[in-house]
Colleague: 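Before anything else, here's the structure in question.
Whatever order the structure lists them in is the order used to number ligands and atoms, beginning at 1. Every value quoted in this text rests on a predicted model; they were computed, and no experiment measured them.
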Amino acid sequence: MAKLKILEFPDPRLRTKATLIDVVDDQLRIFIDDMLETMYEAPGIGLAATQVNVHKRVLVTDVSVEKDEPFVLINPLILEKDGVTVTDEGCLSVPGYYEEVERAEHIKVRFLDRQGDDVELEAHGLLAVCIQHEMDHLDGKLFVDYLSEAKRSRIRTKLEKGRRQQSTVVA
Ligand code: GNR
Ligand code: NI
């Protein structure tokens, strides 16, 4: 297994629209295991392939407390959305920032699992929120896009400043 490098806002590669996966094979399963390792080590409750610079439609999530309920969604498609919920969202690609985002409270989603089998899942609460957050990544969208331009650019400036300092500490 390998831990993958996570792209950070405002990296333009995070804006790439991911393409459909056509075969679910061992090579994909190895990549999925690397994504799970990267998500658990971060730690995070979800990760989209886009965030590790692979522009294919696959995401992983685990919202359980014990971190023992991984979900793998390949080519996910939302069939139904209901209700509204507001969550204080964070993102491994926007480290250190949390803001309220409104999303559907309940979704029905269709996808292929890691065996390539067609699955339908009804999700509520944090799992539903996380799947929507990850599906946004696959379309090149970030949670900061739901904030005001002022908030988004303040976050961008602070992240860039922080990274600049980081890279000159021992230089
Ligand atoms: O770890 C994460 N936490 C989180 C909290 C609230 C709503 C969404 C998320 S997803 C995030 C991991 C991540 O960036 N996935 O893309
Ligand atoms: Ni994210």
Side-chain angles (χ1 to χ4, degrees), residues 1-19 21 28 31-78 81-109 111 113-114 121-148 151-156 158-160 162-163:
M1 299 239 274
K3 204 182 144 200
L4 308 169
K5 186 176 154 20
I6 298 174
L7 301 178
E8 292 183 4
F9 177 69
D11 193 312
R13 292 172 290 183
L14 286 167
R15 299 311 188 173
T16 312
K17 186 172 165 63
T19 58
I21 286 175
L28 178 64
F31 172 62
I32 286 166
D33 287 339
D34 289 343
M35 285 181 69
L36 284 165
E37 182 182 352
T38 305
M39 175 187 75
Y40 286 127
E41 282 206 14
I45 60 168
L47 188 72
T50 309
Q51 291 176 279
V52 293
N53 201 30
V54 172
H55 302 288
K56 294 281 175 190
R57 303 191 79 82
V58 54
L59 66 88
V60 297
T61 170
D62 187 339
V63 299
S64 71
V65 173
E66 301 290 335
K67 296 292 154 209
D68 57 358
E69 292 169 30
F71 280 97
V72 175
L73 281 69
I74 299 165
N75 296 344
L77 192 70
I78 291 191
K81 286 190 186 196
D82 271 295
V84 174
T85 184
V86 174
T87 310
D88 217 17
E89 292 200 15
C91 181
L92 296 171
S93 297
V94 191
Y97 294 87
Y98 299 85
E99 296 286 346
E100 289 189 344
V101 176
E102 215 179 86
R103 302 209 187 252
E105 198 278 327
H106 162 257
I107 59 170
K108 190 172 177 183
V109 62
F111 56 93
D113 66 14
R114 62 181 291 144
L121 173 75
E122 298 230 22
H124 299 260
L126 191 56
L127 179 59
V129 167
C130 192
I131 290 172
Q132 291 171 82
H133 174 115
E134 305 313 333
M135 286 181 70
D136 270 356
H137 277 303
L138 301 181
D139 287 327
K141 187 157 189 170
L142 298 168
F143 85 92
V144 294
D145 298 345
Y146 296 102
L147 311 178
S148 66
K151 263 191 185 172
R152 186 166 50 255
S153 63
R154 191 168 53 83
I155 291 172
R156 179 190 174 128
K158 285 188 175 176
L159 276 174
E160 284 174 334
R163 276 197 288 275

Colleague: Where the side chain of R57 meets the backbone of A18, is there a donor-acceptor pair that is under 3.5 Å apart?
Modeller: yes

Colleague: Please check if the side chain of T61 supplies one atom and the backbone of I45 the other of a donor-acceptor pair under 3.5 Å.
Modeller: yes

Colleague: Using only atom types and a distance under 3.5 Å, with no angle test, would you say the side chain of R152 pairs donor to acceptor with the backbone of V144?
Modeller: yes

Colleague: Can you tell me which residues line ligand 1 if we count any heavy atom under 4.0 angstrom from one of its atoms, in chain and number order?
Modeller: G44, I45, G46, Q51, D88, E89, G90, C91, L92, H133, E134, H137

Colleague: Can you name the closest pair of heavy atoms from H133 and G90 and give their distance?
Modeller: CE1-O, 3.2 Å

Colleague: In Å and rounded to the nearest 0.5 Å, what is the CD to OG1 distance from E102 to T85?
Modeller: 9.0 Å

Colleague: Short of 2.8 Å from the Ni ion (ligand 2), name each protein N/O/S atom, waters not counted.
Modeller: C91 SG, H133 NE2, H137 NE2

Colleague: T50 and side chain to side chain contact (heavy atoms under 4.5 Å, CB included): which single residue from D136, V58, L138, L7 fits?
Modeller: L138

Colleague: Could D145 and R15 be called an ion pair, given the rule that one side-chain N must be under 4.0 Å from one carboxylate O?
Modeller: yes

Colleague: Answer yes or no for K141 and Y146: cation-pi contact, defined as NZ/CZ to six-membered ring centre under 6.0 Å and angle to ring axis within 45°.
Modeller: yes

Colleague: Within a 6.0 Å radius of atom CD on E122, are there more than 12 heavy atoms belonging to other residues, nucleotides or ligands?
Modeller: yes

